[in-house]
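Along the sequence shown, residues carry numbers from 1. Just so it is clear, the values below take in all heavy atoms, side chains as well, and ignore hydrogens, waters and symmetry mates. Start at 1 and go down the list; that is how both ligands and their atoms are numbered. Note that this is a predicted model, so its numbers are computed, not measured.
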Amino acid sequence: MTPAAYAVIDLEALRHNLNIVRRLAPASKIMAVIKANAYGHGLMRIAQALYSEVNSIAVARVHEAVRLREYGINNSITVLQGFVCQDELQAIDEHQLIAVIHCHEQLALLSNFKGIYQQPVWLKMDTGMNRLGFKAEEIAPAYQRLKSIINADDKIGLMTHLSDADQPKHPKTRQQIELFKKFVGAMQHACSIANSAAVLAWPEAVAEWVRPGLMLFGCSPFADKTGADFDLRPVMSLQSRLIAVKNLEPGETVGYGGVWTCQRKTRLGVIAIGYGDGYPRAVGNGTPVLVNGQRVPLVGRVSMDMITVDLAALPEARPGDPVTLWGAGLAVEEIAAAADTIPYTLLCGITQRVQILEQSPNTL
Ligand SMILES: *Cc1c(COP(=O)(O)O)cnc(C)c1O
């Protein structure tokens, strides 16, 4: 039985997108960022597909990394938030994870570590994001202290994170890169600056390591572009189907609050997806939906389990017909714009009820 709402994950597209990263950063090592359940695509599935192809897999938190180890991922795993207590540090050592060191408290925990700390680490500089990292005036002493704890240069990498790389030409990006490069100077450490936006638009940020996330999943981090503009392919297609079709008279309203009124005789389609599946409630009338591969406009409010569309363009549409909410044929970036959000939140936001499949049920 085909589930009502499901997401098809195209691992071929994932590999294709990884090749685009390789093309843009041919000399770089790749840390594939798959935090938050691999941006909603399923942590294990994406880790399995990627881990032997990339130099490290990055997640945000220790428990995500431990899950990957429990699944049997034996390669390098980076924890972008590092650790916040001795227990987490212990887990990082035990599971051979690579922590990001971004604050003084972590240095204190490291120097109190019982035993010999063996794992490589990244030292993070805050060049203006003002989230994690040591500021320009703190980074040199932090580096010296770290070196006294981990006295192997090849176990220390240096990284920073850009706050505005998704805005091409934003002057802050160049300032951040310069501040970072000034600190790094002639030091012989691994370095990393670039997220997806920087890989795509800021070649000067492409260092020994790159850290793409969103672009691996086929999406553009730039508001005015889609993944297709960079030859990226969507990995997730969110699918459902029509479950009812009905005829309405002019003047009738549709759904909660009656926010859409039929101007003429209307063939209305009801689709089994809603905000309970992670489809955004914020989208308005006219947001595109693909029914049988053809665009039709959403009308009325998004409810928990259903949305409604105007089927004027599709007189043949019947209950059971396939529907795509985003993915192949309809960029999630377009739906994100309609919901006044970014593609990251839509991908991460699909809920437990949505079954994740690796193949379209029609081809099984
Ligand atoms: C999430 C994250 C990335 C990846 O960002 P994308 O915009 O998805 O490419 C890279 N580096 C850090 C530190 C991150 O938190």
Side-chain angles (χ1 to χ4, degrees), residues 14 17-18 20-22 24-25 28-41 43 46-47 50 54-62 64-65 76-84 97-103 106 121-134 157-168 170 172-173 176-177 180 190-203 205-223 225-227 229-230 232 234-236 332-333 336 341-349:
L14 181 73
N17 298 335
L18 179 61
I20 302 280
V21 176
R22 289 198 180 106
L24 291 166
S28 299
K29 293 179 181 156
I30 298 172
M31 184 189 295
V33 181
I34 61 168
K35 57 202 183 190
N37 198 30
Y39 293 49
H41 294 65
L43 181 63
I46 300 298
L50 285 180
V54 298
N55 303 90
S56 189
I57 280 180
V59 289
R61 303 183 185 155
V62 176
E64 297 176 290
S76 164
I77 300 177
T78 306
V79 181
L80 294 169
Q81 292 178 357
F83 47 87
V84 72
L97 307 172
I98 302 175
V100 172
I101 310 293
H102 53 76
C103 69
Q106 289 178 313
V121 294
W122 288 96
L123 180 66
K124 187 166 191 175
M125 179 178 184
D126 180 357
T127 51
M129 177 77 166
N130 287 322
R131 206 174 55 178
L132 299 181
F134 295 93
L158 306 173
M159 69 183 277
T160 192
H161 193 46
L162 301 171
S163 57
D164 296 273
D166 61 336
Q167 289 164 271
H170 197 297
K172 183 154 175 192
T173 301
Q176 285 192 270
I177 295 169
F180 182 67
C191 286
S192 178
I193 306 171
N195 57 2
S196 296
V199 169
L200 291 165
W202 296 90
V206 171
E208 186 183 338
W209 283 78
V210 291
R211 307 190 307 271
L214 188 71
M215 70 179 289
L216 292 173
F217 302 103
C219 295
S220 158
F222 310 104
K225 293 205 161 63
T226 68
D229 293 319
F230 302 97
L232 297 166
V235 175
M236 179 196 292
V332 67
E333 293 92 322
T341 184
I342 53 176
Y344 298 80
T345 67
L346 298 191
L347 297 176
C348 288

Decide whether an N or O pair under 3.5 Å exists between [X] and ligand 1.
X    : answer
K124 : no
V33  : no
M215 : no

Which residue and non-hydrogen atom of the protein lie closest to [atom], and at what distance in Å?
atom                    : value
atom 8 (O) of ligand 1  : Y39 OH, 2.5 Å
atom 9 (O) of ligand 1  : S196 OG, 2.5 Å
atom 7 (O) of ligand 1  : Y344 OH, 2.6 Å
atom 12 (C) of ligand 1 : H161 CE1, 3.4 Å
atom 10 (C) of ligand 1 : R211 O, 3.4 Å
atom 1 (C) of ligand 1  : K35 NZ, 1.4 Å

Task: Heavy atoms of other groups near R22 CZ, more than 12 under 6.0 Å - done: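 Yes, enclosed.
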
Nearest non-hydrogen partners of [X] and [Y], listed with the distance:
X    : Y    : answer
V206 : V199 : CG2-CA, 4.3 Å
N55  : S76  : O-CB, 3.4 Å
F222 : A197 : CZ-O, 3.5 Å

Open item on the list: Which label fits Y344 and Y39: parallel for a plane angle under 30°, tilted from 30 to 60°, or perpendicular past 60°?
Closed with: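 Y344 vs Y39 ring planes: tilted.
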
Open item on the list: Looking at F134, is its backbone amide N or carbonyl O close enough to the side chain of D126 to form a donor-acceptor pair, meaning the two atoms are under 3.5 Å apart?
Closed with: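 A pair under 3.5 Å: no.
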
Task: Distance filter under 4.0 Å to L214 heavy atoms, resulting ligand 1 atoms - done: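 Going through ligand 1 atom by atom, the ones under 4.0 Å from L214 are 6 (P), 8 (O), 9 (O).
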
Open item on the list: I'd like to check the side-chain hydrogen bond (donor to acceptor under 3.5 Å, both in side chains) partners of Q176; sequence neighbours left out, ordered by chain and number.
Closed with: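 Only T127, S163 meet the side-chain hydrogen bond (donor to acceptor under 3.5 Å, both in side chains) criterion with Q176.
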
